[in-house]
2 protein chains.
Amino acid sequence: MKDREAKKIPDREALPPAWEEKLRSGKVKVTPNRRRVLGRFLDADAPWTLKSLHRALNEGEACELSSVYRALSAFRTAGLLEEFRLPGKRETYYSLLRPSAGRRGQGKSSGHDHHHHHIVCQDCGTVSHLDVCVPTALLGRVEDASGFRVTEHHLEFKGLCGACR
Amino acid sequence: MKDREAKKIPDREALPPAWEEKLRSGKVKVTPNRRRVLGRFLDADAPWTLKSLHRALNEGEACELSSVYRALSAFRTAGLLEEFRLPGKRETYYSLLRPSAGRRGQGKSSGHDHHHHHIVCQDCGTVSHLDVCVPTALLGRVEDASGFRVTEHHLEFKGLCGACR
DNA sequence: GATGCAAATGCAAGCTACTTGCATCTAGGA
DNA sequence: TCCTAGATGCAAGTAGCTTGCATTTGCATC
């Protein structure tokens, strides 16, 4: 948690080219606000809520809640973010959909399909990412049992984090 | 879906004794309102939202939204209901936690622990129950990867139902 | 470099889905 | 039957978005 050198980027003037490209190809205009929003996701690979993001951004220059909201919607439409909800929490969470680059290509490589799942500490509320996913066999059983064709799944865990145990 | 004989109970005067017992042991007073609320869950083994339940109840005698809300909270505290949220939906859903009776006892038999998971049709919005669950092996991997002790999990699927395909 | 327009922004108002306070009523034990 | 903790109805309050509108701005084009 120490900030070495110029590591603690307050607000970026530019995003990594890959991401700027992604925005443009998603027909999302690149503005200072949006750079700052996306920059937060790139800095902290954690789930953000509309409000937590708004608070974090306004430690710097002010930025309207509704603009953050619209940025999130735009990013989601463009396939850069996924949205999810947690049992017992009221807010909607967002997290970055990184392209499934270095993974052993076990899915269709459709560009960005590396979603992930989450675990929440029932004591302190910390939310962490998980790299595990639903086994294919289970998906098959779900389709058989329900008659649905499954297109998406969300898996949330609740428990006690290392610190709270 | 046909209603045979007196199968279509409008509002019950009494709940199955097992459930009345459960309420009492959970320190929940049994009132006409609460019988009607719980009755709906017993009649239709589907997820309800506060509002859908309120609407359903008020086809009969009126019953305040806030009372339904408080009944749901009480039932949840008593361990009769579980609450969950679905991605893309705003409301909180509730479903009955039936005691894990006839199952091959693969969990600790703690009274009621037969939770289940859900699949939502992305077209028509229908929500169905699923009888599949997260494999124990996956839970182990989650604990190892995160350092958390897992106490709960929720698994939601999205897809196309038989009718919408 | 100047221009035009679709899209983004700020501000304010509106909406949905709860959630709570309070006076009154009632289930259920004494 | 009586008492009291807890349930109810009604109304007001709150959180978390969501939208409308006038203004500004990114960026493709000239």
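Proteins get letters first, then strands, A, B, ... in listed order; numbering begins at 1 in each. Computation of the quantities below employed the complete heavy-atom set of this structure, encompassing side-chain atoms and omitting hydrogens, waters and symmetry-equivalent molecules.
- OP1 or OP2 of dC17(D) sits under 4.0 Å from a side-chain N or O of T92(A).
- You'll find the side chain of V142(B) stays beyond 4.5 Å of the side chain of F148(B), heavy atoms only.
- Atom OH of Y69(B) is separated from atom P of dG21(C) by 11 Å (rounded to the nearest Å).
- Summarising the geometry of F41(A) relative to S95(A), their closest heavy-atom pair is CE2-CA, 4.0 Å, with the distance given to 0.1 Å.
- With rounding to whole Å, R85(A) atom CZ is found 12 Å from dA15(D) atom C1'.
- Applying the ring pair (Phe, Tyr, Trp, His ring centres under 6.0 Å) criterion to H117(A), with sequence neighbours excluded, gives H115(A), H153(A).
- Judged by distance alone, with hydrogens and angles left aside, the side-chain atoms of R40(A) form no donor-acceptor pair with the main-chain N or O of L57(A) at under 3.5 Å.
- Rounded to whole angstrom, the span from the CZ atom of R76(A) across to the P atom of dC17(D) amounts to 12 Å.
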message: Test side-chain contact (heavy atoms from CB on, under 4.5 Å) on N58(B) and H54(B); report intermediate values, then the result.
response: CA-CA 6 Å; N58(B) 287 9; H54(B) 182 231; 3.1 Å; yes
Which atom pairs, one a donor and one an acceptor, fall under 3.5 Å between side chains of residues 156-165 of chain B and the rest of the protein, sequence neighbours left out?
| from | atom 1 | to | atom 2 | distance (Å) |
| --- | --- | --- | --- | --- |
| E156(B) | OE1 | H118(B) | ND1 | 3.4 |
| R165(B) | NH1 | G147(A) | O | 2.9 |

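- Look at CG on L65(B): it is 8 Å from C1' on dC18(C), rounded to the nearest Å.
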Produce the list of close N/O pairs, under 3.5 Å, pairing protein atoms with atoms of nucleotides 9-11 of chain D; give distances to one decimal.
| from | atom 1 | to | atom 2 | distance (Å) |
| --- | --- | --- | --- | --- |
| dG9(D) | OP2 | N33(B) | ND2 | 3.3 |
| dG9(D) | OP2 | E64(B) | N | 3.4 |
| dG9(D) | OP2 | S67(B) | OG | 2.6 |
| dG9(D) | O6 | R70(B) | NH2 | 2.8 |
| dC10(D) | N4 | S66(B) | OG | 3.1 |
| dC10(D) | N4 | R70(B) | NH2 | 3.3 |

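- Rounded to an integer number of Å, the gap from NZ of K89(B) to C1' of dG16(D) is 19 Å.
- One interatomic measurement links the two molecules: CZ of F84(B) to P of dA17(C), which rounds to 16 Å at whole-angstrom precision.
- For the helix from dG1(C)-dC30(D) to dA30(C)-dT1(D), the terminal axes (five pairs an end, C1' atoms, rotation from four pairs onto the next four) enclose an angle of 40°, given to 10 degrees.
- Looking at every heavy atom in both residues, G39(A) comes nearest to L15(A) through N-CD2, 4.1 Å.
- Contact between the side-chain N/O atoms of R90(A) and the OP1/OP2 oxygens of dT19(C) is found at a separation under 4.0 Å.
- Counting to the nearest Å, the P atom of dA8(C) and the CG atom of L23(A) are 11 Å from each other.
- At whole-Å resolution of the value, NZ in K27(B) and P in dA7(D) are 12 Å apart.
- For R76(A), the side chain to side chain contact (heavy atoms under 4.5 Å, CB included) partners are E83(A), Y94(A), not counting sequence neighbours.
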What does the list of N/O pairs under 3.5 Å between the protein and nucleotides 26-30 of chain D look like, with a distance for each?
| from | atom 1 | to | atom 2 | distance (Å) |
| --- | --- | --- | --- | --- |
| dG26(D) | O3' | V30(A) | O | 3.3 |
| dC27(D) | OP1 | R24(A) | NE | 3.3 |
| dC27(D) | OP1 | R24(A) | NH2 | 3.4 |
| dC27(D) | OP1 | V30(A) | N | 3.1 |
| dC27(D) | OP2 | R24(A) | NH2 | 3.4 |

